[in-house]
Novice: 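After the structure tokens below, expect a handful of questions from me.
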Amino acid sequence: MPTQLRISPPPDYVLARDACSYGYFLLSPNNWSPASGTFTTTLDLAGRGVGDATTIHITQPGERASHAHLRGRALRVNADRTLTDPDRAELRRLVTRILRLDEPEQIVRDFHKRDPRYAPRAKNTCAGRGRLMRSPTLFEDVIKTVTSCNVTWPSTIIMNRGLCQVLGRRSASELHAFPTAEKVAAARPATLRARCTVGYRDQRIVDLAKMFARGKINEAWLEDPATPDDEVFEALLEWPGIGPYAAANIMQLLGRYARLPLDTESIRHGKAVLGYKGTDRAIMAAIHKHYQPMGAHAFRSYWFELWEFYEAKRGPSWTWERETTGKTFTAALLKELKKEPAPTEAREPRRSPPASRRRAT
DNA sequence: GGTAGACCTGGACGC
DNA sequence: GCGTCCAGGTCTACC
């Protein structure tokens, strides 16, 4: 008999808004159904690599017309098989990580104080953002980051689908989990290249998997708030296939939001939205300076600003379908943006941070 | 320390 | 339908 769990999220939590807060919600094994407001994923519980994987459907029952009305309502998690008590505990732990339910409410409130643009408002359906969706494991977050480097979004979708279908365990629902580090470590690079179309990333992905599988990654140290950001950043740069952008992105996935993973998309944002001009290097420097007053919340402020820019073009993220909008939005959006006239003037940002978040100089 | 070129794939574009 | 070009971040060799 399928197992059902009930999870009480923090009082600010809205599943549609907070699960659809980062692009990974569109990458296999994840899926979001706008019609039913259901987040679906397939998990390899305990990473044991034996038996069936488990497909789960997460919903937040209630009146969906108003997100404000859903805040803090219990989450319902339906699994496609009967779970033992240890599996139920593991499932609860993984869902908590994916949805960042364990991030203290006080930290989210602190972010809203720093950047009031995202503070909750009774009648605003998307206000109150603060939590960013991520993967059930650090390993999956790292590989997803590598598959998003030097490639357009549709290719990232293909790579993640391939990794799941070729190496991930299958559930009773005929869906595949993301493969474990052990499974990827045991794969041949040529297999990843040929069947998962990861291209030249093949050896790097296998090397990363070996590091995780052999216990060479100290996750507790990486996640420990006492570990300085600079030390984590330097450590990540030592990993194969991880450069400055990937390291900064992994840091935000670890819950360290002070650094910005800036890429070509950031340059576009700096030009189109913030109104900066000059060389890419100069624009990146200006973007770093722009968000510096946000301190430990810099990435959240940057990301939600970028996210809302996408939503202005493609509608709210919880209306995106993985196989339609979610598949094409970045490439199509960029193409569309090229047709838009560049801002005419602009040494200073067009959209400045609110005065309340500026640091006195 | 800074820079150029290679890496690989999918998509856009021209013919 | 085919060939060519481009975008994308990291790595390595070179100055």
Side-chain angles (χ1 to χ4, degrees), chain A residues 22-24 26-28 139-167 184 187-212 217 230 232-254 259-272 278-285 287-288 299 302-303 306-307 309-310 313-314 322-340 342:
Chain A
Y22 194 64
Y24 292 1
L26 296 165
L27 295 179
S28 294
F139 171 67
E140 185 175 334
D141 273 337
V142 169
I143 301 302
K144 277 183 159 55
T145 298
V146 170
T147 62
S148 71
C149 288
N150 196 30
V151 75
T152 52
W153 184 249
S155 295
T156 302
I157 292 175
I158 292 169
M159 286 185 224
N160 279 274
R161 186 194 301 143
L163 287 167
C164 292
Q165 290 182 350
V166 174
L167 298 173
V184 178
R188 290 189 307 137
T191 301
L192 296 189
R193 179 178 292 232
R195 299 184 63 196
C196 309
T197 56
V198 300
Y200 66 88
R201 301 164 193 79
D202 56 355
Q203 187 66 57
R204 296 172 190 176
I205 288 174
V206 171
D207 288 345
L208 283 164
K210 285 178 179 172
M211 290 170 67
F212 276 89
I217 306 294
D230 287 349
V232 172
F233 189 68
E234 292 304 318
L236 293 173
L237 289 177
E238 296 296 315
W239 295 7
I242 305 299
Y245 163 79
N249 195 56
I250 292 168
M251 288 184 72
Q252 69 86 5
L253 291 163
L254 283 164
R259 281 178 188 268
L260 299 179
L262 298 186
D263 56 7
T264 51
E265 186 62 4
S266 315
I267 302 292
R268 182 207 55 72
H269 186 72
K271 289 177 181 173
T279 63
D280 287 0
R281 181 187 292 261
I283 291 171
M284 282 209 184
I287 293 171
H288 277 297
F299 178 77
Y302 159 77
W303 182 256
L306 197 66
W307 204 239
F309 178 77
Y310 289 146
K313 301 286 183 184
R314 288 291 182 270
R322 184 172 76 178
E323 300 305 320
T324 55
T325 321
K327 206 172 192 174
T328 61
F329 79 92
T330 301
L333 186 63
L334 291 175
K335 187 182 173 188
E336 194 175 288
L337 288 166
K338 281 182 181 173
K339 295 175 186 170
E340 292 180 4

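Chain A is the first sequence line, chain B the second, and so forth, proteins listed ahead of strands; every chain is numbered from 1. Since the structure is predicted, the reported quantities are computational estimates derived from the model, not experimental observations.
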Novice: Take atom CG of A/Leu208 and atom P of C/dT10, then tell me their distance rounded to the nearest Å.
Specialist: 12 Å

Novice: Dump the pairs, protein N or O against N or O of nucleotides 8-10 of chain B, anything under 3.5 Å, distances to one decimal.
Specialist:
residue	atom	partner	partner atom	Å
B/dC8	OP1	A/Arg193	NH1	2.5
B/dC8	OP1	A/Arg193	NH2	2.9
B/dG10	O4'	A/Ser155	OG	3.3

Novice: Bend angle of the helix from B/dG1-C/dC15 to B/dC15-C/dG1 from five-pair axes at both ends, rounded to 10°?
Specialist: 40°

Novice: Distance check, rounded to the nearest 0.5 Å: A/Ile242 atom CD1 versus A/Leu237 atom CG?
Specialist: 9.0 Å

Novice: Atom CD of A/Gln203 and atom C1' of C/dC11: how far apart are they, to the nearest Å?
Specialist: 14 Å

Novice: Describe, in one word, how the ring planes of A/Tyr302 and A/Phe299 are oriented to each other, choosing from parallel (under 30°), tilted (30 to 60°) and perpendicular (over 60°).
Specialist: tilted

Novice: Which whole-number value in Å describes the distance from A/Trp239 CH2 to C/dC11 P?
Specialist: 13 Å

Novice: Can you measure A/Asp280 atom CG to B/dG2 atom C1' for me and round it to whole angstrom units?
Specialist: 16 Å

Novice: Is the shortest distance from a Lys or Arg side-chain nitrogen in A/Asp230 or A/Arg259 to a carboxylate oxygen in the other one below 4.0 Å?
Specialist: yes

Novice: Given atom CG of A/Leu237 and atom P of C/dC11, what is their separation to the nearest angstrom?
Specialist: 8 Å

Novice: Mind telling me whether A/Trp303 and A/Tyr22 have parallel, tilted or perpendicular rings, with 30° and 60° as the class edges?
Specialist: tilted

Novice: What are the two closest heavy atoms between A/Pro261 and A/Ser266, and how far apart are they?
Specialist: O-OG, 3.9 Å

Novice: Measure the OG1-CG distance between A/Thr197 and A/Asp202 for me, rounded to the nearest 0.5 Å.
Specialist: 11.5 Å

Novice: Please determine, for the side chain of A/Thr264, which listed nucleotide (C/dT10, B/dT3, C/dG9) has the closest atom?
Specialist: C/dG9

Novice: Using whole Å, report how far CD1 of A/Ile143 lies from P of C/dT10.
Specialist: 14 Å

Novice: Which whole-number value in Å describes the distance from A/Met159 CE to C/dG9 P?
Specialist: 12 Å

Novice: Is A/Ile283 close to A/His269 at the side-chain level, that is, under 4.5 Å between some pair of heavy atoms?
Specialist: no

Novice: Can you give the donor-acceptor pairs under 3.5 Å from side chains of residues 144-151 of chain A to other protein atoms, not counting sequence neighbours?
Specialist:
residue	atom	partner	partner atom	Å
A/Lys144	NZ	A/Ser28	O	2.8
A/Lys144	NZ	A/Glu140	OE2	2.9
A/Lys144	NZ	A/Asn160	OD1	3.3
A/Thr145	OG1	A/Tyr24	OH	3.0
A/Thr145	OG1	A/Asp141	O	2.8
A/Thr145	OG1	A/Asn249	ND2	3.2
A/Thr147	OG1	A/Ile143	O	3.3
A/Thr147	OG1	A/Lys144	O	2.9
A/Thr147	OG1	A/Asn160	ND2	3.0
A/Ser148	OG	A/Thr145	O	2.7
A/Asn150	ND2	A/Tyr200	OH	2.9

Novice: Write down the atom of A/Pro240, the atom of A/Asp207, and the distance for their closest heavy-atom approach.
Specialist: CG-CB, 3.8 Å

